[in-house]
Each structure stands twice: as structure tokens, then as C-alpha cells.
Amino acid sequence: MGFLCNWCSYAGADLAGVSRIQYPTNVGVVRVMCSSSIDPVILVETMIRGADGVLVAGCHPGDCHYDIGNLQAERRVKVVRRLLDRCGLEPQRIRLEWVSASEGMRYAEVVDSFVEEVGELGPNPVAGDEPDLDILERLYIARDVLGDFRVNLLVNKEHQIEDVSNVFGDTIPKERMDELLDTATSEEFSRCSLLMLARDSPVSVQQMADRTGLPEEEVLDHTVTLVDRGLLKVDRVDDGSPLYLTIPQDRDRISTLPAWARVEKRSIELSIKNLPDVDEATKGWIVRELLLTLRCHNCERRRSNACNFSVCIRGLMSGVVG
Amino acid sequence: MSDEEGKIGAVMVVGGGIAGMQAALDLADTGYLVYVIDSSPSIGGAMAQLDKTFPTHDCAMCILSPKLVATGRHHNVKLMMASEIDAIEGEPGNFTVSVKRKARYVDEEKCTGCGLCTLRCPVEVRDEYNQGLKLRKAIYLKYPQAVPPVLTIDRDNCIGCGVCETQCVAGAINFSREEELVKVDIGSVILAPGFSGFDPGLKSEYGYGVFKNVLSSVELERMLSATGPYRGMVLRPSDGRMPKRMAFIQCVGSRDVQVGNPYCSSVCCMFAIKEAIIAKEHTPGLETHIFFMDMRAFGKEFDEYYIRAEEEHRVVFTRNTRVSSVSENPETNNLHLWYSEHGKMRREEYDIVVLSVGFDSPKDVEKLAEKLGIELNEHGFCQTDMFTPLDTSKPGIYVCGAFSSPKDIPDSVAQASGAACRAMSDIAGARGALVTAKEYPPEIDVSGQEPKVGVFVCHCGINIGGVLDVPSLAEYAKTLPNVVHAEDNLYTCSQDTQQRISEVVREKGLNRVVVASCTPRTHTTIFQNTLKEAGLNPYLFEMTNIRDQCSWVHMNDPERATEKGRTLIRMAVAKAALLEQLRPAEVEIVKSALVIGGGLSGMTAALELSKAGFDAHLVEKDSELGGLLRRIHYGLSGEDLQGFLKRLVKQVEDDDRIHVYTNAELKEVSGSVGNFTVVIDSEGEETETHQGVIIVATGGEEYEPTEYLYGKDPRVMTQLEFEEKLAKEGEIDAKCIVMVHCVGSRTAERPYCSRVCCTESVKNALRVKEMDPGIAIYSLFRDMRTYGFREEFYREAAEKGVVFVRFLEENEPVVRVDDQGRLEVIVLDDILQEELLINPDYLVLAAATLPARGNEELSRMLKVPLNSQGFFLEAHMKLRPLDFATDGIFLCGLAHLPKFFEENVSQACGAVSRALSILSQDTLEGEAIIAVVDESKCRGCGVCVDTCEFGAPSLKQLEDGRQVSHIDEALCKGCGSCSVNCCNKAISMGYFGTGQILSMIESCFPETETPPAEKEVAEVKEVTET
Amino acid sequence: MTEAMAPAKEEGFQPSILAFCCNWCSYAGADLAGVSRLQYPVNVKVLRVMCSGRVDPYFVMRALELGADGVLITGCEIGDCHYISGNVKAKERFERLSKLLDQIGIGSERIRLEWISASDGIKFAELMEEFTEHITNLGPSPLKGSATGGV
């Protein structure tokens, strides 16, 4: 799967085509307006859906049609790669390349080497009939992390704060921002893992630690934050250990949605209510179809050119699913 | 700005902890403008971190938060948060202080404290308030009840992403704020910067910071709190399990020369007992174990608490131990405590170890001291003098709280009042100069008018509006009976909306106002002021809480939450229609005070009253002034107390404002705050006077022992007698002296600690050693209670060879005269487990201090309580140590509890400060929400008289001969208990009237038809009486 | 806003409950529940009084008579009362009232006396949750809709 920006890379790919340069056919291409418009959630989503690798290509630094879009993309890809690593997937499966409109040749080379590299890594372990459920679960967690405001916000603001100017007119050193983002990603990943663990039955700190491999003290620390956020509660105390249970959230029903689209859940539920009796599987299918018709807040906002996520979920998901 | 002498009627209080707040409130109530500055973004200090307080287990936040609100809302108090003193110039009475105010980046006027901004802030920081056991954001409120309720951006951690600005509906975030330098003119300064906790990591042998399950006592305190990290559960940091065995190690950073803190931190013993009990309550099956050297339970009812902890709560105490080290079992993260008992090394295993950390001097205090030009003592605390314990080395700058020496809350509060009194005396002439009473238009009399209710429904940004359908609520309100106007506002409390309310009141002729918004606890006063500005009586206002108790707690159910909002508004409107104008009773204040007791405390109080410009009537039962002080000759450092006493007595006698009555007693006291009528019998002559307030300073006396051959053998004497002998003879002929502690104290009959005798014994022992180092001295003690900096004299005595021998309560020393006529003392040394036989030349007994004999009679006359030991019982053990529950009567000195010279001086000044908040006013406004008797219904049964804790109701005879209840408006607090108990429902309450509450109940359940209420009153009354 | 979303209760009996809260502790505790955004059912309406000692048993009876399914009285912890002993008096009255309710067949389980301190936001929210559930299980008050039936 490749995401190509409209102005440089897509043009580059076109050029490759026009120039009849041969390159592997393994890459399905989605054209986006800018490399920055690829929500990292979508990159993970692509992996969940079984892509062996994702190539994101944008204009060279400084050439971006939207000024800094490609720099944003760089940061997002960085975060996603870090998360993939945590999930147990090779981070190399996601690659960011700069391809300008004139670099048809380069585009072909990039695709070549990427396909080769991914080929060496082998198929995506979550694809196929017998997916690696552990990795898959972790990918879902990674998607939750990216759907959360904290990591998202840091990624989106990173360039502004690091290179331009924050609200105080200062900049924050790159090392500090990197560290912050690292910590945030890693913490949120741990927290989402704990929420996942405590979803069905109450678990103790020790059990969570055993199953995530995190130190118990760190788990305890996260439970404090999660209880504070209203996502986790102490269900009961068993033999001196409090047992924690995830408080059901809206996204449990439709966990495929990124945070900003969850608001629409109510209207979907209403639609389902009015359906004739159908079995669960059909219902699930209908829900998904309904999802595809969703217009997220950002779509609404995009009319005023304020959207951070230029990929419409409808377009994206139909692209991927279809 | 200032009076004719150029004095300025304003005071700066440095530090907004409990001491700073008390000082500020006293000053502000007395008519001074107060600037409270604190380096923290909110006031509250260390007490705000506490879960419970010893020995009563009062919830700390419950008793603190009214003080927070009172300080934050006081019209004479200006809070300067996140600020520090940069420089000071001038002289007492006229200082100019430059204050450096850090930017908080949030506009204090606009911020509503809703906290929405914190939810999206991406930066997480360890929360200092919770000792790092929890995270906060880079924009934060220090704690949920923080005053001022304004958020702060932590500039050190903020990355400047600006997301908070997008979240803030009030538009309060302002990134362009900068640090500013403000110049403030003031008359005096009070320092109350508190303390900082000792860093337990410095005691590396205990493994704090290395072993996960070693906690500091403050961390445990946060765990115990319902607002703490685990919401009240105690969990092991290593694995989140509840502990089964918990050990407390005392004196971590106290009484420890190695770490540079040789002094005792005074509070940690009781703090540990409290935590040990509460932790047991919070953790099923927990065993708690306290390892300590001496149990310093020297405060009021502390020893009783200590006994209860051991006997009722089964806290295990291991005395006389300094734990040598802690090691960890890396498998289980359990901890091994190594300590010696009776000379043998022992090891015990625990799953949590708590280090009772001591007090260090406040952070960066050297800088402050240098800027102010005050001296610090060798430990970095404020240098004070025994005679002037509230004065720093620089005139015009005063000190209180833990900064003068480590101390607990009541002692800090008493001292704070004392420092306020001292600060006022420099600028007595400028009292009231800088505070202007706000002028309001004349009140419109609405009695007899049809109710016209105006309803204002607040969106509170999106705090309410985001959940409830606020416009529909306003529309709904319009349909309610008596409502002539209703509207919704973005922020009803904002300046412009308040102005608008005033306008609407005038335009539409509203005579009742209802606001549906946040909590009446914090916002009633604001809106009441708006009503006053609009010319309405402030009690024609009712508020209903649709935020804290509706939109915030029912976020998922907007429809039914809106329905609830409708009900709440309906109830408020129903009550509002029945609201009546209330006017607090006004009492004219007699500008004179009665001081009972002419000892150190009484005389100090009288002199301070005189300095403040008020008459004092000083009543002494003996023929001369001085009290117990006449028997004390020198201070710990050799101060000449008799010389001081002579000067003090002369000062009192020469003072025109002080009227001394000797050989005097009170015959009769009647009346109430503002105007007591007092009959004094002095030298056989009776005088009747009128007094605005009464200060009880009846002092105490030394116990006359019946133990240890006292009175039977002339070689046995009390410490005071011994001191007298040393002072008079100037030398002593002896080879060996034995001192016995706790004679008459800490016994079954008198379970309290007399507080001063350990130090008294050390003082006399040092005196003897000074006279002749060759004299052997044995001091037989149970717990050595030389708290605070007195600890150093204990060490000095030990260094000079005084032998301190611990005995246990059950192994009291045996004293007899042997066959050669020598005194013989036999005692089992608890440490060495050896029996000692000593033949002293003198046996000196540290006899208990008893309450004054007349206390009981006086307590009946003043209608104020005594505790079981015969000392007077204050209004609240923690926060009102100098007040009685009855207004206008105060206490200080030994009448409260045995205490040291300097503590008596502090308390006496403090009692005066409390008294001045009344005396400084011409009239006193009582509560407006008080009980009202319908005399036509009253049968004069007197149940109300028995019900009231404050002595407000009494029976009076009407002209027609009927007896009816009469409420003393100055004494009634408005709780309403009498109204409920009244047999004939003749008593109702202002503002919470029976009719008003019933109308609320009726409108709460509107679907049913309401039968006339009158009939049921009689019916129900009968059944409830059975 | 926290993302805590308690699932909406099923349609059916929704009890109405009146809670008397004293101004100093329990009302403050209720406020703290709000500040902490603890979610609880909407069924309870709070009526503020200065002290739990102000709550006349007649108020409680009147509320039940008018259709309240449950009534809560909350005050400061014993020993913490702003008016020294108002809560003690409330307790005595409550005990008498409970007996009375049992005798007349309404059942004392419809009323409850609890101590909530100013820092007990969690306890307050839990109490609201628990009491609402308790009253829901009891079903509607026998007096509901029959105000004229009297006591």
C-alpha cells in the first residue's frame, strides 16, 4: 500500500508510468492531497487489514505544496514506526520517502527497494487466515493510542513547537520533544494495553504486569491515571489486591473508529434500532457499512479548510476495504 | 493612605498556609488591609495535603476549606499568589515591599476553575501535591478545593502547544503575561512561610528512593486521602497490593546530629499514631508498628490518644529504639528492619516501611532572610527571643507557625493570631485607614409586595451548557409561578452579567432573585452583593446548583439531567417566593475587655489590649500579680525571669488603660458578646462593669505530690521548690541528686502530660552541673519530651554527664529511707534491664501542672466547657484553639493546657488578636440566618434551651405572664435544631424556614396534589414525639 | 470532560429521591463529586440546609407523602458538626423516624442517614448510585399518588 501526495510523489509515480519505468505491481496507491494528511491511525489500520508494508511518499523537505505538510508526515511516520516496533512488527514495514514530481525513476527505485525489503521481512503476520492474534491485538492497541488526543496532539504540534515558535514565542529543543513524544507514546501504549486487559474481567496489578511484561510499579502508576481519567475502576478487592475493570466506553462497540469519529455513534445506534430483526453478523456488517457513510467532524470542518485529517474516512476505508 | 504618624494600616503576610491564613483573617477582621503572598499558586499550605488531623480525626479539608474560602473572599484580603518578596525598605509602620509576581498565564478574573483545559493538555508531570504518586498536567489546579480557584501554567514543563487556550470558553488563558514587580506599602510584615519536609533520601540507611516500599509519612498521608492517588487505599508501590504489616520509623531527619537536624520536629509522633490508626481503618487486617525513641505526646489529649492507639486500635509500639537500617528482600520487595532492643540486634519483616520525616526550615529561606534583614537560628529557622517569641530580629517584622520552630496546627494557629496582634500594635492608629466599607444604595422595603422572581440560568461556559439545555431551562423558568423574568447567561458570575442583574432588578421591579449555576458555598456572597447594589436585601436571593450537582455528575444523560435542572429551579423559585428580608442583629460593642487571671498570660493580654487602644480589666485572685511565674526564676538559657516579671508588673500597674483588681473574684457574669455585665469582688468590694469581651487566663498550679515521701522527708522536693532553692542559695551542697519525671502526670487519675516538666528537669540539671560539674545527677524519665529546639538542652545535659534512666510505667521507682537514714532510690533501667540503687542527697520531683482551682466555678459562670481534666475546652481543638464556642469569650495560657513561657506569651497575644476582631468594631453584626420565635405559639416548655449548644434560647416572661422562649440574636448560629425540637412549631428559621423548606419539597414532587400542610403538622408532631 | 460514560439505565421505574445535605460537610462533598466529575444517577435532588439537625422528621414525612420514593439525610461525621452536635440530634430523630416508618408500613429502608465529609466526593457519588439502586429495587413508594391518603 502506498500513500502518495498529490503534488510531488503522485506526479512522480505518474511520471514513472509515463516513462514506462517498470516496477513491482505489489503497491496499491492512494492519492492524498499531502503526505501530512495521512492520519497515523490509517497507517496502523492498513497494517491491521493485512498490508505487508506501507509506503508514504511526499515532496522533498521545503517543496511541500502545503508548506510543512511533509515534515508533519515525517513525524507521524516516526511515531507509527515506533508503535509497530512495540507491537512486534518490523518498523521497516512503514517507510517514508521523498519523491518529487520529476523523479519518476526514483519512484520506481524506491518502490523496488521497498518491495524487496518487505519481501525479505515476509508476509504481515496478522494477514491471512491464521493471523498472529497477539500482534493483532497490539495493533489494535496502537490504533487506540493514535486515536487518543495526547499522542496526536504532540505529533501535530511538534514541528510548530520545535522549529517555529510556541505560544510563548520560544522553541523547545528537539531532544526534549522527542523524549516527550517517546514517553507519551510508550505510556499511552501501556495504558491502552491495560484497558484492553481489564476489559472483560477484573484483573490485579500483578496479573496485568505478568501479561504485559511491564513492571508492577509502572502498572500501578498507570492505573492511577486511568482511574482518574474515568476509564478504569476498582471492581473489588481480592486477597489484598484491588482488581481493576475497564469502564465500558462508547468505542467498545465500534472500536474501529478513531476518537474524533466516535461522536457519531449515537446516530448509528439509532439507525440500527430501526432495523428489522437480523442476526449479529449481519448487524456487524451493517454497522460497518454505516460507518463508511460517516462524515467525521473533520470532514465537516474541512469545508472551512481547518481540517487536520484531509483523508475522508469514507474515501479511505472504501479504498482499503474495497 | 496613612494616619497622622505616617503609619500604614496594611500588613503583608508571607505564606498562605494555615498560620498565614489565620493571621490574615484576624487582621482583616480587625480593619487592616492584608496582602497574603505565597510562592505557590494557591493558599492552603501543608494542611491542605492532610487527610485527617490528630487527635480528633477531623477531616483536614472539611475544617480547612471554610478558612480557604473566607480568606479568598475577604474584602480586606488581597491574595498575591506565585509571588515572592524582592526587597523591603522603610521602617516599622511604614514599609515599602517590592513583590515579584510570576506569571500564571491565566487571568484570575476570568478563570472559573472548571478545569476543562487540563483534560487536553498533553504534558504530564508528577503531581507535587500528591507527592508524585499521581500525575498532573502542565496546566493545573493545585488541588480540587484550591483557593483562588484559578489554574496555573507550569512554565517549566509547558511546551507551549496552546491547546488549553482552545479549550477555555472563558477566554482566561493569556500567554503574554510576564513576571511583574509590584510595590506595596504596608505597616508590618508577618512571616509564616512554614517548613519544608526533610528529604528522607538523606538517611540512606533506610533505603528511601531505593526500595520501592519505603514511603515518607507525607506520601502515606496522600494515600490515605480520598482525593489521593489510590482514593484512600494504601497500596504497596512495588506491586499495588495492600500491605499486611506496616512499620513506622520515627525521627527521620529529627533529633539527628548527623543530618544536621539536632532538634525535635514536635509533630511526627502524633502524626505517625494518626496514620497508623487510619491506615488500619483503611486496610483490613493491617498490623501497624511504630519504632520510636520517646513518644512526644505533649499536647492536649495527646497522651489519651496514644493510649487509645495502643489499647483500642492495637497499634504496636516499640520504644527506645532507633532503627539502624532497612534492607530489602529483592524477591518479595518486603523490607527488613534492623534494630536493637535491650542491647540485642533484632530483625523484623514488613511489607511497607513509613519514614516519619521531620521538619526542615522552609525552602530558600536564607534568601528571604537576607532580603528582609532578619536573623535565622543555626538550623535555618527564625531567631526569636524567649520574651518576644513573635518578633524577629528586625522591628516591624513578626513570625508565626513552623518557621519559628516546628509545631502542630493548633500551636501555629494560636501563634498566628499572636503575630497578628503584634503586627497590629505597631500600626494601631492606622486601624481602619485602608479599608473602606462598601457603600450600598438604601434598601428597598419589599415586605407586603407580591413576589416578583427573576431567574438567571448560567451556562458556565460549556460546564453546564454542554450537558443541560440551558436556554430551555430559562424558558421553563418563565412558566413558573411568580417568575416575571428569566434569562440564560454565558457566565452569570461575570462582572457584566452582575451589572445586568442589577439593571433587570430595577427595570422589572424584581424583589426576589434566583441564580441557577454553581455552588452556593462559594458564590452566594457574590450575588448577595449584586442584590445589595441593586437595593435589595441580600437574603431575597436563592441559588441552586445545576453544575457541581447536576451537569458535572450526569454528563451521560443530558435529557434527564435537564429535567433534574428544571426540578431544581422549580424548587429554588418556590423557596424564593417565600423569602423574607433578614437583617442581622446589631450589637453595640463595649470597648473594654475583662481579663481573668493576672499571671504572665493575663498581664501580657492586658498590655496588648492597651497598646491596641482598649481598656482592660485585670482580675487576679491573689494579692499580687504574677501567678505561677513568681516561682520560676530563670529560662533555659539562663534568662532572668524574676527581673522580667518585676518590669512586667510595673508596666501593667503604670498603664492607665489597665484596671487591676487584686484579691478579686468574679461574682456574676451575664450578657453576651459585645456587652457582658460582670460583677467583680475585689478586696471585699463589689464593682459592676460592662465588658465587650472576656479573656480567660486563669493559669495553673503545681501538683503537690503524695508520692515518693514528699512532705515527709525534707530532702524530697518539687522542681519548682528546687529551682527556688538553687536561685536563692546560688549553690548546692550535694554529691548526688535524683530527679523523677511524670510525678502526678500520665497517671490513671491524670492521664495528660504536663508538657513542661521534662524541660524543667533538664534546665535544673544543667543549672546544677554549672554550679558543680562533680555532682552526679540521675534523671528518671518515661519519655523525654523536650520538643522543638529544647532537644538541644537535653543533649547538652547528657553530654555534661547527667544520667538519664528510662523506667516503664509499671516499674515506677521505689523511694525509701534506708537504715542509715539515707534516701534510697531503686529503679529498673528499661534500656539496660538492670536494677539501679541510688542514694541521693536530694530527690527532685517533676510534679504535674494542675488546672487552676476556680476553673469549675468559672466555667459554670461563663457557660463554657472544661475538659475531663479541668482545663478549659476551646471551640475547636485544631483551628480555634483560643476561642470558645460562645462568642466573645477567649482563652489563653495554662487555662488551656500547661505550656512554656513563650507559648503563653504567644497565646496571650493571640487571644487579644481574636478579641480585637470584635472590639475594633462599633457594632457587631450577628448571623442573619437565626431562629425566630413566634411568641403567640410558644408554650414556654424550654426544650429549645436544652437543645442549643450555644446558649442562645432562654425563657422570658411576657407582660401577660406567659413564659416564652427568647433567642439571643448574638449567640444563635442558625443550625435550626431548636426549630425541629420545638413542641409547638413556634420556632422557625430565617432563610431555612419551615414553610420555605416545605415549599421546596412540595415543588420537588409536583405531580401529586398537595393537601393543606397545617393539618399534618399536628399529626406528625404527635407521632414523632412518641 | 472525562470519557466515563455509564450506560443509560433501562426504561422503567425511575425513583425520585430527595437528599437533605448539610451546608458544611455533605453539601461540600456533593460539590467535590462534581468537581471530580464522578457520575451518578440523576434521580436524587439535593436540598441544602445548614445542618442535618435542621431536618425535621416532618420534612421527611412530607416528602414521602408527596411521592418521594426515598429520602436521604446526610451530615458531617460525628464530631465534625459545625454546630457541635446537630448530627447527633439528627441521628436520634432518624432512629425514631425509622421506627415510625416501620410501624406504619412504609418501611424504614426508604430513608437513610449517612455521614459525608467534605472530602468524600467518592463516597457521595457511590452513595447516590447505591441508594438509587436500592430504592429502584424496592419499587415505587406505596404512598405515591395517594397524597390524600395521609400517613
Side-chain angles (χ1 to χ4, degrees), chain A residues 148-158 160-162 164-173 176-177 180-181 183-184 187-188 191 203-210 215-230 233-234 237-244 249-250 266, chain B residues 103 105 118-127 130 132-138 153 155 157-167 173-178 212-213 223 227-244 282-286 333 351 555-556 558:
Chain A
D148 186 70
F149 76 94
R150 187 167 168 223
V151 172
N152 245 318
L153 194 89
L154 285 172
V155 176
N156 289 338
K157 296 272 182 182
E158 192 181 6
Q160 179 72 23
I161 295 170
E162 198 177 290
V164 188
S165 146
N166 68 10
V167 292
F168 300 108
D170 301 339
T171 54
I172 304 283
R176 170 124 188 267
M177 280 308 288
L180 256 173
L181 190 54
T183 326
E187 282 175 352
E188 295 305 326
R191 287 170 190 165
V203 284
S204 68
V205 165
Q206 294 95 310
Q207 287 165 330
M208 288 193 266
D210 283 350
E216 285 169 338
E217 51 187 307
E218 212 180 302
V219 172
L220 178 66
D221 209 41
H222 290 316
T223 62
V224 173
T225 309
L226 291 170
V227 169
D228 255 12
R229 285 191 192 169
K233 65 174 179 192
V234 174
V237 177
D238 180 46
D239 188 26
S241 286
L243 301 186
Y244 298 86
Q249 304 296 311
D250 276 10
R266 259 191 212 125
Chain B
Y105 305 103
T118 63
L119 298 173
R120 284 288 176 261
C121 174
V123 182
E124 291 181 346
V125 187
R126 290 274 148 204
D127 179 10
N130 276 303
L133 293 168
K134 212 171 156 172
L135 298 166
R136 64 162 171 83
K137 296 298 183 66
I153 292 180
R155 190 65 182 84
N157 287 296
C158 175
I159 54 170
C161 69
V163 72
C164 44
E165 194 182 15
T166 66
Q167 300 292 311
I173 313 270
N174 182 349
F175 298 114
S176 59
R177 284 289 170 95
E178 275 170 25
K212 294 165 194 160
N213 294 328
M223 282 194 196
T227 56
Y230 316 131
R231 308 202 162 184
M233 285 189 291
V234 180
L235 300 178
R236 274 160 47 103
S238 73
D239 56 10
R241 291 180 64 90
M242 288 178 175
K244 293 192 178 68
H282 287 209
T283 317
L286 177 70
N333 294 120
D351 40 21
M555 289 169 166
N556 320 319

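Here is how names work: the chains are called A, B, and so on, in the same order as the sequence lines, proteins then strands, and each is numbered from 1. What you see is a predicted model, and the numbers here were worked out from it, not measured in a lab.
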So, the part of V219(A) with a heavy atom under 4.5 Å from chain B: the answer is neither
dist D170(A):CG -> R155(B):CZ (nearest 0.5 Å) comes out at 5.0 Å
Whatever's closer than 4.5 Å to a heavy atom in chain B on V237(A) counts as side chain
In terms of heavy-atom contacts, N166(A) and I159(B) come closest through ND2-O, 3.0 Å
Residue from R176(A), M177(A), Q160(A) scoring the most non-hydrogen pairs under 4.5 Å with chain B is R176(A)
For F168(A) and C158(B) the tightest heavy-atom approach is CE1-SG, 3.6 Å
Scored by heavy-atom pairs under 4.5 Å with chain A, the best of P284(B), P243(B), C161(B) is C161(B)
* Intermediate values then yes/no, side chain to side chain contact (heavy atoms under 4.5 Å, CB included), V227(A) and R231(B) -> CA-CA 9 Å; V227(A) 169; R231(B) 308 202 162 184; 3.8 Å; yes
Rounded to the nearest 0.5 angstrom, the OG1-CG distance for T223(A) and L235(B) is 7.5 Å
Given side chain to side chain contact (heavy atoms under 4.5 Å, CB included), test V234(A) with Y230(B) step by step and report yes or no. CA-CA 10 Å; V234(A) 174; Y230(B) 316 131; over 6 Å; no
Review point. Does the distance from a Lys or Arg side-chain N to an Asp or Glu carboxylate O, for R136(B) and D228(A), drop under 4.0 Å?
Key: no
Scanning both residues in full, the closest heavy-atom pair of L135(B) with R191(A) reads CD1-NH2, 3.4 Å
Output for pair (Q206(A) CD, S238(B) OG), nearest 0.5 Å, gives 8.5 Å
Comparing L180(A), V205(A), V224(A) against chain B, the one with the most heavy-atom pairs below 4.5 Å turns out to be V224(A)
Under 4.5 Å to a heavy atom of chain B? For E187(A) that would be side chain
If one checks every heavy atom of I173(B) against chain A at 4.5 Å, the contacting part turns out to be neither
Between R241(B) and S241(A), the two heavy atoms sitting closest are NH1-OG, 3.0 Å
Shortest non-hydrogen pair, L133(B) vs D221(A), comes out as O-OD1, 4.1 Å
Whatever's closer than 4.5 Å to a heavy atom in chain B on D239(A) counts as both
Residues P242(A) and M233(B): closest non-hydrogen pair is CG-SD, 3.9 Å
